[in-house]
Amino acid sequence: MIKTNLVEFENDLKEVLMLYPEAEATLTASFFDEKMASEVIINDKKFNYSFDLVFKDKLEEKRLKKRYAKLSLYKALSSYFEREMPWGALTGIRPTKLAYMEKEKGDFEKFFKETMLVSNEKTTLIKDILDEQVGIYERNDNSFDLFVSIPFCPSRCTYCSFISGEIGKCKNLIPAYIDALVKEIEESKKLIKELKSVYIGGGTPVALETEDLRRILEAVGKQTVEYTVEAGRPDAITKEKLELLKEYGVSRICVNPQTFNDKTLALIGRKHTANDIIETYSKAKEYFSINMDLIAGLPEETVEDFKNTLDKTISLRPDNITVHTLCIKRGSKLAESVKRLDDSGVKEMTDYASNELRKAGYKPYYLYRQKYMTENLENTGYSLKGKACVYNINIMEEISNIVANGANAVSKRVFNGGERLERTGNPKDIKTYIEKIDKLIEDKNKLFG
């Protein structure tokens with residue numbers, strides 16, 4: 001629990017407090033002579049800090065006050081509990097975006113280490129990612145990415161909080177959903193100036209019947225830009241669907257093991273085996289560049305289990321490997337039974353992944369963080385040379401417009417290279433999305449008009 005006179009930053013301070021879930025704190029701030037003074041009290045122990053507060057406008061003033069409030073609380077907590085966090089006082093989803101902002105001012109590494117108290121390890125990781133994005137990262141108000149949401153899966157994983165429904169239970173909704181989606185896609189394409197990438201995500205898009213999938217691909221049209229489809233589950237991928245994707249210009253797909261441990265796959269609600277993943281990958285690699293997702297910290301998995309999964313994935317040699325850190329998401333089945341994750345061994349897992357992937361020629365190229373992540377870690381995407389996914393970089397750095405279609409899809413318009421964003425979102429509920437499709441198209445036209 002946090003008590004503070006900075007009411008507008010209360011939720012941000014709660015995010016810092018979550019790093020030390022056993023703590024309660026009071027933060028009081030005062031302002032004078034271009035200074036901010038803060039006092040943090042934890043169990044009657046007081047910590048006092050002072051910061052220069054010089055700003056050019058109201059937006060920067062708010063940003064600095066929030067930064068210094070979070071920093072004060074983090075300094076006090078880490079001192080009181082004698083325990084530092086790898087990301088220091090940073091709680092945001094996109095640390096790379098902050099790094100780019102600070103890089104324009106000067107030395108982002110110094111800012112990360114000395115101001116925000118980020119560890120040397122994580123600061124170096126950010127530097128490596130920025131280096132790997134050279135030649136792809138482009139701030140362009142006229143560039144667009146097209147996103148399509150297919151919210152259906154063969155089964156629901158226990159850790160998933162997406163709106164995706166089990167396709168067998170949603171068959172009555174699919175025809176109307178596809179009608180609405182096709183209409184939205186066709187209207188969205190008229191808004192695009194310079195198309196950079198297409199991404200069809202889910203859910204599991206290939207869980208649809210072949211002809212339903214064809215209708216969506218036809219609406220998107222054949223493309224020559226980077227074109228990704230989340231194939232995801234091996235139990236939903238057939239040779240017929242792979243050939244269909246290739247026919248429409250899809251260049252990369254995701255085949256996501258999460259783990260190569262059959263016991264874990266059953267435990268998290270997957271309806272396939274590790275061998276199914278390998279067989280599907282062998283078929284798909286003939287057609288596409290492939291990304292594979294892994295999760296560190298899955299229920300009941302040991303460090304050795306994760307190492308075996310990572311080693312098996314590297315041996316398959318996909319172009320991209322994304323290592324996620326498990327987090328408890330509201331709305332997931334996992335959240336119903338687990339309030340706090342067992343973080344034993346998870347850092348060892350992610351450290352092993354980083355070391356082994358780098359040795360195998362993979363480089364980190366994008367990163368994002370989430371609330372409630374095990375050990376306050378991150379999700380990192382690695383790629384072989386020249387195989388980085390443009391869409392992943394654009395969406396994480398928020399440097400390209402995204403025209404998003406389907407239930408729970410959020411469109412973003414960038415201004416001044418991403419310095420300012422405006423959004424419009426579609427409803428999560430599938431029925432509501434279908435009913436409101438004309439209004440959603442109208443809202444999108446206003447955003448990009």
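In this structure, E348 has no side chain to side chain donor-acceptor pair (under 3.5 Å) partners at least two apart in sequence or on a different chain. Applying the salt bridge (charged side-chain N to carboxylate O under 4.0 Å, His left out) rule to K363 yields no partners; only residues at least two apart in sequence or on another chain are considered. Under the ring pair (Phe, Tyr, Trp, His ring centres under 6.0 Å) criterion, Y20 pairs with F81, not counting sequence neighbours. With sequence neighbours left out, D128 forms a side chain to side chain donor-acceptor pair (under 3.5 Å) with R358. Remark: Y365 pairs with no residue by the ring pair (Phe, Tyr, Trp, His ring centres under 6.0 Å) rule, at least two apart or across chains. Taking T302 as the reference, D305 meet the side chain to side chain donor-acceptor pair (under 3.5 Å) condition, with sequence neighbours excluded. For the ring pair (Phe, Tyr, Trp, His ring centres under 6.0 Å) test, no residue two or more places apart in sequence or in another chain qualifies with Y366. Partners of Y382 under the ring pair (Phe, Tyr, Trp, His ring centres under 6.0 Å) rule, at least two apart in sequence or in another chain, do not exist in this structure. Taking Y352 as the reference, D311 meet the side chain to side chain donor-acceptor pair (under 3.5 Å) condition, with sequence neighbours excluded.
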### Task
Show your working on side chain to side chain donor-acceptor pair (under 3.5 Å) between T123 and N120 and close with a plain yes or no.
CA-CA 5 Å; T123 302; N120 289 336; 5.6 Å; no

### Task
Report the C-alpha distance between N11 and E15 in whole Å, list the side-chain angles of each, state the deciding distance to 0.1 Å, and finish with yes or no for side chain to side chain donor-acceptor pair (under 3.5 Å).
CA-CA 7 Å; N11 288 334; E15 291 181 4; over 6 Å; no

### Query
Under the side chain to side chain donor-acceptor pair (under 3.5 Å) criterion, do E187 and N445 qualify, and how do the steps go?
CA-CA 9 Å; E187 292 300 319; N445 287 336; 4.9 Å; no

### Task
Take E61 and K58, measure what salt bridge (Lys or Arg N to Asp or Glu O under 4.0 Å) needs, and give me the verdict at the end.
CA-CA 5 Å; E61 177 187 12; K58 288 290 184 182; 3.6 Å; yes

### Task
Starting from the C-alpha separation in whole Å, work towards a yes-or-no answer on side chain to side chain donor-acceptor pair (under 3.5 Å) for N320 and S383.
CA-CA 4 Å; N320 287 205; S383 73; 4.7 Å; no

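T432 and D429 form a side-chain donor-acceptor contact under 3.5 Å, judged by distance and modelled atom types alone. Side chains of T264 and E301: a donor-acceptor N/O pair is present below 3.5 angstrom, by distance only.
For the atom pair K412 NZ and S400 OG, the distance stands at 11.0 Å (nearest 0.5 Å). Atom CE of residue M349 and atom OG1 of residue T325 lie 10.0 Å apart, to the nearest 0.5 angstrom. Distance OG1/T280 to CD1/I253: 9.0 Å, rounded to 0.5 Å. The distance from the CG atom of L98 to the CZ atom of F108 is 9.5 Å, given to the nearest 0.5 Å. Here the OG1 atom belonging to T313 is positioned 4.5 Å from the CZ atom belonging to F260, to the nearest 0.5 angstrom. Of the inter-residue distances, the one linking L294 atom CG with T259 atom OG1 reads 8.0 Å to the nearest 0.5 angstrom.
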Anything under 3.5 Å between a donor and an acceptor, one on a side chain of residues 212-222, the other on a protein residue two or more places apart or in another chain? List them.
from: R214; atom 1: NH1; to: E247; atom 2: OE2; distance (Å): 3.4
from: R215; atom 1: NH1; to: D179; atom 2: OD1; distance (Å): 2.9
from: R215; atom 1: NH2; to: D179; atom 2: OD1; distance (Å): 3.2
from: E218; atom 1: OE1; to: Y248; atom 2: OH; distance (Å): 2.5

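Residues E121 and D351 form a side-chain contact, since some pair of their non-hydrogen atoms from C-beta on lies under 4.5 Å apart. Looking at heavy atoms from C-beta onward, I395 lies in side-chain contact with I402 at the 4.5 angstrom threshold. By the 4.5 Å heavy-atom criterion applied to side chains, S411 and L447 are counted as neighbours. By the 4.5 Å heavy-atom criterion applied to side chains, I278 and K312 are counted as neighbours. Residues L17 and Y74 are not in side-chain contact: their nearest non-hydrogen atoms beyond the backbone lie 4.5 Å or more apart. At a threshold of 4.5 Å between non-hydrogen side-chain atoms, the residues E138 and S143 do not count as touching. Side-chain contact between D438 and K183: present, with at least one pair of heavy atoms (C-beta onward) separated by less than 4.5 Å. Looking at heavy atoms from C-beta onward, L440 lies in side-chain contact with P427 at the 4.5 angstrom threshold.
Enclosure of atom CD1 in I93 is not indicated, since only 12 or fewer non-hydrogen atoms of other residues, nucleotides or ligands lie within 6.0 angstrom. Heavy-atom contacts from other residues, nucleotides or ligands closer than 6.0 Å to NZ of K307 number more than 12.
Distance alone, capped at 3.5 Å, places no donor-acceptor pair between the T228 side chain and the Y199 backbone.
Listed by first and then second residue, the salt bridge (Lys or Arg N to Asp or Glu O under 4.0 Å) pairs involving residues 254-266 are K263-E300 (not counting sequence neighbours). Applying the side chain to side chain donor-acceptor pair (under 3.5 Å) definition to pairs two or more places apart or across chains, those involving residues 413-422 are R420-E422.
Between I150 and I200, the closest heavy-atom pair is CG1-CG2, 3.8 Å. Scanning both residues, D145 and S197, for their nearest heavy atoms gives OD1-OG, 2.6 Å. Counting all heavy atoms, side chain and backbone alike, F9 lies closest to K62 at CZ-O, 3.6 Å. D293 and N256 make their closest contact through N-OD1, 3.2 Å (heavy atoms, listed as atom of the first residue, atom of the second, distance). Closest non-hydrogen pair, T380 versus P364, comes out as CG2-CB, 3.9 Å.
Considering R139, R94, Q133 as possible partners of Y100, the one that fulfils the side-chain contact (heavy atoms from CB on, under 4.5 Å) test is Q133.
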